[in-house]
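I have placed the structure first, in the form of structure tokens, so that the comments after it can refer back to it.
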Amino acid sequence: MTDSAARTPTDGSTDSDTRTDKQGKSKLPVWLFRTILGVIIAAVLVVAYLIASVTVPLIWAKSIGNQVGNQLGNSIPLGMFYGFIFSFIPVLVAWQAHHRKLNKWVRVSLVVLGIALTIPNLLTLGVLFGTTQTAADARSIWANTANWFGTWSQIFMLVGVVCAVIVIVLGRMWMRRGRKIREIKAAEKVLRDNENAKERAAKAAIKAQRKNPSATPPATPAPDAASPASPASPTDTPRV
């Protein structure tokens, strides 16, 4: 009896418990996993930035030079185009994220899309104001192939932002004006409906009186007995 009561658990249950304990101990904490993941992402971004800072300015400068086509006069309209389009449209796209009716992720996506659309202008600014040797080489390429591209691009970046702000302000004013006009029209419609209802009720009462002429209109209320007597006329003769 004693041996059977003191019998240990079966080997299968003991192995499963030990395996579960080992799995629980080998699992990384959440904070450690997030820290390692953040360090990896930061390292990848730094490496990508270093590679891009060496290669992208030259690629962008050569691309603009090819678009100009060895005709310096083409650099002015090309700079106006890039500067205006890639500042005007991004501001309008990113502004749509202020609508609170949209989903949170839709609003975040609009902001990210607006930033992505400014990449051509960011590349131009990186070439113009970069301090690396690659940026200096890119500027020398533009000096020979697209001399006025950078200047006119910067000017129309500002023009695009200003025009986008003007469009946003005018759009909000137009929407507010339209909302007020709709409210006024709704109030006028309510007044017209009330007047039409009163006219229909009056016409219905006239028709009912014509069909039944014996019906007398409601009598006017008699003056109250307790009300004060009317003042005497100056022509009345006093009683003796």
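Residue numbers run from 1 in the order of the sequence given.
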Heavy-atom donor-acceptor pair, T145 side chain to I141 backbone, under 3.5 Å | yes

Closest non-hydrogen atom pair, A164 against L92 = O-CD2, 3.9 Å

How many angstroms lie between CH2 in W105 and CG in L110, if you round to the nearest 0.5 Å?
-> 13.5 Å

Side-chain heavy atoms under 4.5 angstrom apart, residues restricted to Ile, Leu, Val, Met, Phe, Trp, Tyr: same cluster for L125 and I119?
-> yes

hydrophobic_cluster_shared for L128 and I155, side chain cutoff 4.5 Å | yes

What distance do F81 atom CZ and F156 atom CZ have between them, rounded to the nearest 0.5 Å?
-> 12.5 Å

Under the 3.5 angstrom rule, does the side chain of T151 hit a backbone N or O of W148 as a donor-acceptor pair?
-> no

Looking only at atom types and distance, does a side-chain atom of S87 sit under 3.5 Å from a main-chain N or O of M157, one as donor and one as acceptor?
-> yes

Give the intermediate values and the outcome of side-chain contact (heavy atoms from CB on, under 4.5 Å) for residues V167 and V91.
-> CA-CA 10 Å; V167 169; V91 172; over 6 Å; no

Point-to-point distance, once rounded to the nearest 0.5 Å, from CD of Q96 to CG of L113 = 11.0 Å

S153 (side chain) donor-acceptor with G150 (main chain) under 3.5 angstrom | no

Donor-acceptor contact present, side-chain W142 to main-chain A61, <3.5 Å = yes

Backbone of V127 reached by a side-chain donor or acceptor of R139 within 3.5 Å | yes

Yes or no on side-chain contact (heavy atoms from CB on, under 4.5 Å) for I206 and K203, after CA distance, side-chain angles and deciding distance?
-> CA-CA 5 Å; I206 293 172; K203 290 178 180 179; 5.6 Å; no

Output for pair (I85 CD1, T118 OG1), nearest 0.5 Å, gives 14.0 Å

Stepwise side-chain contact (heavy atoms from CB on, under 4.5 Å) check, Y82 with F149 = CA-CA 9 Å; Y82 275 103; F149 174 81; 3.8 Å; yes

Closest contact, heavy atoms only, R107 versus H98 = NH2-O, 4.4 Å

Can you name the side-chain contact (heavy atoms from CB on, under 4.5 Å) partners of T132, sequence neighbours left out?
-> T134, A135

Nearest heavy-atom contact between N147 and S75 is N-OG, 4.3 Å

In short, V93 meets G114 closest at the heavy-atom pair CG1-N, 4.1 Å

Take Q154 and F129, measure what side-chain contact (heavy atoms from CB on, under 4.5 Å) needs, and give me the verdict at the end.
-> CA-CA 11 Å; Q154 292 180 79; F129 300 103; 3.3 Å; yes

Side-chain H-bond candidate by donor/acceptor type, T124 with W60, under 3.5 Å | yes

Indicate, with yes or no, if I168 and L102 share a hydrophobic cluster defined by side-chain heavy-atom contacts under 4.5 Å among Ile, Leu, Val, Met, Phe, Trp and Tyr.
-> yes

For the atom pair CZ (F84) and CG (N121), what is the distance rounded to the nearest 0.5 Å?
-> 11.5 Å

Are side-chain heavy atoms of R182 and R179 found at a separation under 4.5 Å?
-> yes

Non-hydrogen atoms of A52 and P57 that approach each other most closely = O-CD, 3.2 Å

Would L78 end up clustered with L122 when hydrophobic side chains under 4.5 Å apart are linked, directly or stepwise?
-> no

Kindly work out whether a path of hydrophobic side-chain contacts (I/L/V/M/F/W/Y, heavy atoms less than 4.5 Å apart) joins I36 to W31.
-> yes

Measuring from L170:CG to R177:CZ, what's the distance to the nearest 0.5 Å?
-> 12.5 Å

Heavy-atom pair with the smallest gap, counting every atom of L117 and F86 | O-CD2, 3.0 Å

